[in-house]
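Notes to accompany the following structure.
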Amino acid sequence: MTRKIPVVPCSGIGKSLGAAAREAAYVLTEDLRPDKTQVVALALLVMGDEEAKREVAGGQAIAIDGCKLECAAKGLASCGASKVHKAAIFDVVRRNRGLKPEGVCDLNEDGLKLAQAAAGEAAKIVDDIDAEDDHA
Amino acid sequence: MPDLPRKKVGLISCSGEELAEGTVTRRAVRKVLETLRPDDTVTLCLPLFLAGGEGERAFARYYPTIAVDGCDKRCAALATEKYSAKPAASIVVTEIAKECGCGKIGTARRLNAEGLRLADQVAGKIVEETDRLLKKKPKSAVQESDRGKP
């Protein structure tokens with residue numbers, strides 16, 4: 001696979017879940033699947049930056065959203081991603097009920113654990129896309 | 001006297017996820033909101049703004065806003081202008097970094113000490129603009145004891 005999968009976290013600044021989405025994107029693209037994924041900035045994408053749009057158009061992409069408004073997923077869909085996979089933090093929280101994320105600039109330990117869990121789920125999506133490409 | 005809503009300034013950070021400067025915008029805006037001018041500011045969520053959040057857009061139409069961008073693409077300023085009204089002030093982190101002779105600031109994921117210092121500088125600039133817009137007397141923006149705190 002030559003093209004890196006674009007990963008777009010929400011840029012939410014008001015709540016810990018947005019911060020966890022951002023951290024999850026870094027865990028995925030820097031620690032778990034650095035050779036297969038890359039972060040694309042949501043603001044650039046939605047403001048129509050040509051380079052950002054080129055990275056997304058026509059391929060599969062992963063949105064990591066903090067809340068149900070799903071701004072990242074909507075942004076990817078509007079820029080022509082062929083399929084938008086979702087690793088939504090608000091869903092990951094439901095599956096990890098003990099975690100109480102706090103903080104925005106500096107996530108607490110539970111926030112970081114939540115980001116790790118979301119990144120782990122996103123890594124499985126990456127592997128599925130990879131396997132699909134191998135069979136194509 | 002009618003109970004009029006208090007005038008506040010909306011802060012919109014680009015939050016650019018690809019650049020360390022985007023992380024600086026977040027940290028600076030949060031610092032102003034949480035510590036330096038909590039009674040005078042609110043944050044507006046840029047993605048929500050872009051995705052059609054009417055509350056965010058309406059606020060920016062009727063209240064002054066400060067766009068805080070990481071780079072000269074100025075997504076936050078352009079988005080504000082496109083969807084609501086021209087921001088009352090526009091701050092670009094790379095310009096402030098140049099002015100204060102800032103070195104390497106770390107990564108988008110983790111700012112280093114220089115990056116935290118730059119975030120303080122940007123927070124100070126946001127405070128200056130906030131006070132100007134609310135016609136407040138200037139006071140010390142960033143106390144020495146605040147440096148490095150979120």
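Owing to the predicted nature of the structure, the values given are computational and were not obtained by experimental measurement. So you know, we letter chains A, B, ... as the sequences are listed, proteins then strands, and number each from 1.
- Looking at every heavy atom in both residues, A/Cys105 comes nearest to B/Arg26 through SG-O, 3.9 Å.
- Summarising the local packing, NZ of B/Lys8 is surrounded by more than 12 heavy atoms from other residues, nucleotides or ligands at distances under 6.0 Å.
- Residue B/Ala119: no heavy atom, backbone or side chain, is found under 4.5 Å from chain A.
- Counting non-hydrogen atoms of neighbouring residues, nucleotides and ligands closer than 6.0 angstrom, the CZ atom of A/Arg94 exceeds 12 such neighbours.
- Cluster annotation: A/Val46 is connected to A/Val84 through the hydrophobic network of ILVMFWY side chains, with a link wherever side-chain heavy atoms come within less than 4.5 Å.
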- prompt: Which is it for A/Val27 and B/Arg109 under the side chain to side chain contact (heavy atoms under 4.5 Å, CB included) test, yes or no, and what are the steps along the way?
  reply: CA-CA 9 Å; A/Val27 173; B/Arg109 188 174 182 183; 3.5 Å; yes
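- A 6.0 Å sphere centred on CD of A/Glu51 holds no more than 12 heavy atoms belonging to other residues, nucleotides or ligands.
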- request: Any chance you could lay out the side chain to side chain contact (heavy atoms under 4.5 Å, CB included) test for B/Thr23 and A/Arg22, step after step, and finish with the verdict?
  value: CA-CA 10 Å; B/Thr23 303; A/Arg22 185 181 181 92; 3.0 Å; yes
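- Contact annotation for B/Arg74: neither backbone nor side-chain heavy atoms come within less than 4.5 Å of a heavy atom of chain A.
- Residue B/Val29 touches chain A through its side chain alone, counting heavy-atom pairs closer than 4.5 Å.
- Heavy-atom pairs under 4.5 Å with chain B peak, among A/Ala41, A/Ser11, A/Cys71, at A/Ser11.
- Taking CD of A/Glu55 as the start and CD of B/Glu18 as the end, the distance is 6.5 Å to the nearest 0.5 Å.
- With rounding to the nearest 0.5 Å, the separation of CG in A/Asp49 from SG in B/Cys75 is 7.0 Å.
- The hydrophobic clustering, which links ILVMFWY residues whose side-chain heavy atoms are closer than 4.5 Å, places A/Leu99 and A/Leu107 apart.
- Listed for the B/Glu17 side chain is a donor-acceptor partner under 3.5 Å among the backbone atoms of A/Leu42.
- Note: the hydrophobic cluster containing B/Leu36 also contains B/Val93 (ILVMFWY, side chain heavy atoms under 4.5 Å, direct or indirect links).
- We find the CG-CZ distance between A/Asp106 and B/Arg27 to be 4.5 Å, quoted to the nearest 0.5 Å.
- With a threshold of 4.5 angstrom between heavy atoms, A/Ala19 approaches chain B through its backbone and through its side chain.
- For chain B, the nearby part of A/Glu23 is the side chain; its heavy atoms alone come within less than 4.5 Å.
- The part of B/Leu46 that comes within reach of chain A is its side chain, from C-beta onward, which places non-hydrogen atoms under 4.5 angstrom from that chain.
- Two different hydrophobic clusters hold B/Ile12 and B/Val92 under the rule that ILVMFWY side chains link at heavy-atom gaps under 4.5 Å.
- B/Val42 and A/Leu69 fall into different hydrophobic clusters, defined by Ile, Leu, Val, Met, Phe, Trp and Tyr side-chain heavy atoms under 4.5 Å apart, directly or through other members.
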